[in-house]
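When a ligand or atom number is given, it counts from 1 through the structure's own listing order. FYI, side chains are in, hydrogens and waters are out, and symmetry mates aren't considered; it's all heavy atoms of this structure. In what follows, residues are counted from 1 in the order of the sequence shown.
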Amino acid sequence: MTGTSGRTGRLRIVTGIAMAAALVGGAAAVALGPPLVGANAAATADTLRAAAAQSGMFFGVAASPGRLNSIVAREFSQLTPENDMKPETIAGAGGTIQNTGNADTLVNYAQTNSMVVRGHTMVWYSQAGQLQGASQSTLNTYIKNALLKWGNKISYWDVVNESLDDNNTGQRRNQWPHTLDRDANGDGDYFDASDTDYIRESFRQARQVVQQSGLTTKLCINDYDVEGLTVRGGAKNKKSDALYDIVKTYSQEPYKYIDCVGFQSHFNDNPNSIISDDLQANIQRFADLGVEVHLTELDIDDDLSNNDIGDGQAANYRKVVRACLNVAKCTGITVWGISDNESWRSSERGLLFTGSNGSYQKKSAYYAVLDELNKGRQTTSPSPSGPSPSGPSSSPSSSTSASSNPSPSNPSPSNPSPSNPPSSSPVSPPPPAGCSASVALNSWDGGFVATVRVTAGSAPINGWTVTIPLPAGASVTNTWNAVQSGTSDTVQYTNVSYNGRVAAGQSTEFGFQGTGSGTGMTAVCAAS
Ligand code: 9MR
């Protein structure tokens, strides 16, 4: 149930789970908690749950009954049982359910406090208890029993957890339940009709139960080290690509089994566990399949000394929360515990509070997350697939859409950007000056994400326009942090309100996603 492979220097427990939460949507149409200080978009929310609710997101926590002190309901709008819903605890013989006392306590607490619940987890090689080695038929019995036990009180279930191998191989694991798989035609995947795939079968069963019982519970797949398009050094994240293939296959016709994907988001110094600059692009890639994306087990090592992204833990939290906020279908974030002292990885001090036994102090990471949540979503172009009708609202509230990173109306004292000072600054418009733009590309079969870096020349600029001739057959499907004009042939991007001003020699970035091949693109920048 645990593993150390691929971890640099420290033990990493490789377990899996997925969280559940569904802010809005089906049975999960749960009000987001106690008086929502931030429900009025004009106000600044002073709890995580209220701040997230402004963007139609949940902000959740993993807990066990012993940790249900008042801070949980005050700060969090979603709850994941950290261990109490794992088969190790609740699976009986032959796929029955037993010993649900702690899980019931958590579900009842969530109901009382208007929190969404994520069931964690059904089919998993680790902590499998009496399911270990079970047949697909027994797994199916268990899946049915687990779904029916709590029904719509559980908004999201991690049906399959941690199905993929460590070390960026892009392969599935080889231990049970993978031993149930059979690649009938030997083509290297389990997606053909003649193949046997425990992922497909488990989701098929879950979907059938949901449909036949009229449940609104959403069905998720969850994994770690899948967060970025790339891993350290810029190599493709093959594990993420493999997850993408699974979600793409089983979320679309003719299956339509998978509703949501969880990026566990245990960020640390491991080369495959870093916070890469393309996190947002990868969230967007999955979101564009029409599924909800959640960051399900977030914690961030407070010493990412080998991961030179961000200035420290608070900045890294800010970056991760921002990546989610900028994708409309990223509908929730869950931290994997309340306090460093009580975390599964306490030595890395990865959470938002310190202290124990209900006596908690907020860390600077907490304030960074709260501030970032209060800025709301900043998507400049909706996902082509759009938010699901039953999903949380994707549209930013009036104040949050206007208040972006950091906007004149909502400057962020803790994260001033040289490229975007508050409007109150007595800055006279600089003379027009030059800029340059470079394109970094991440490609997969049939698609790509381009990250474009705009750099001011020797003088500051007040705005920019980037022109990019696309390769033949390429077409843009989505853009963030810029205003797009055109989708094929030659496309143009101009700055949005918060990233037009760039100090001399400084840079800002925007991105876009496309179909076809983006290879060979160059960009021309004009400053204004
Ligand atoms: O946080 C959980 C810890 O208390 C357990 O001892 C451990 C057992 O494997 O599982 C931890 O939770 C894991 C989650 O279920 C799946 N993803 C990784 C989490 C951290 O290991």
Student: Do any N/O atoms on Asn83 end up under 3.5 angstrom from N/O atoms on ligand 1?
Tutor: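 Yes, there is a polar N/O contact under 3.5 Å.
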
Student: Provide the full list of disulfide (SG to SG under 2.5 Å) pairs with a residue in residues 237-296, sequence neighbours left out, each pair given once.
Tutor: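 Passing the test, one end in residues 237-296: Cys220-Cys260.
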
Student: For ligand 1, which atoms have a heavy atom of Gln264 less than 4.0 angstrom away?
Tutor: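 Listed by number with element, the hits are 17 (N), 18 (C).
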
Student: In chain order, what residues pass the side chain to side chain contact (heavy atoms under 4.5 Å, CB included) check against Arg67, with sequence neighbours excluded?
Tutor: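 For Arg67 the side chain to side chain contact (heavy atoms under 4.5 Å, CB included) partners, ignoring immediate neighbours, are Ala63, Ser64, Ile338, Glu342, Tyr360.
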
Student: Using a 4.0 Å heavy-atom cut-off, which part of Trp336 comes near ligand 1: side chain, backbone, both, or neither?
Tutor: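 The answer is the side chain of Trp336.
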
Student: Name the residue from Thr354, Asp340, Asp302 that meets the side-chain hydrogen bond (donor to acceptor under 3.5 Å, both in side chains) definition with Lys363.
Tutor: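 Considering Thr354, Asp340, Asp302, a side-chain hydrogen bond (donor to acceptor under 3.5 Å, both in side chains) with Lys363 is found only for Asp340.
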
Student: I want to check a possible cation-pi pair here: Lys239 against Tyr224, using under 6.0 Å from ring centre and within 45° of the ring axis as the test.
Tutor: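 Satisfied, under 6.0 Å and within 45°.
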
Student: Can you figure out which of Met85, His266, Gln127 has its heavy atom closest to atom 7 (C) of ligand 1?
Tutor: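 Looking at heavy atoms only, Gln127 sits closest to atom 7 (C) of ligand 1.
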
Student: Heavy atom to atom 10 (O) of ligand 1, shortest distance: which of Glu82, Lys86, Glu88 holds it?
Tutor: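 Going through Glu82, Lys86, Glu88 one by one, Lys86 has the nearest heavy atom to atom 10 (O) of ligand 1.
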
Student: Show, in sequence, the C-alpha distance, side-chain angles and deciding distance for Asn152 and Thr217, and conclude whether the side chain to side chain contact (heavy atoms under 4.5 Å, CB included) test is met.
Tutor: CA-CA 6 Å; Asn152 286 342; Thr217 306; 3.7 Å; yes

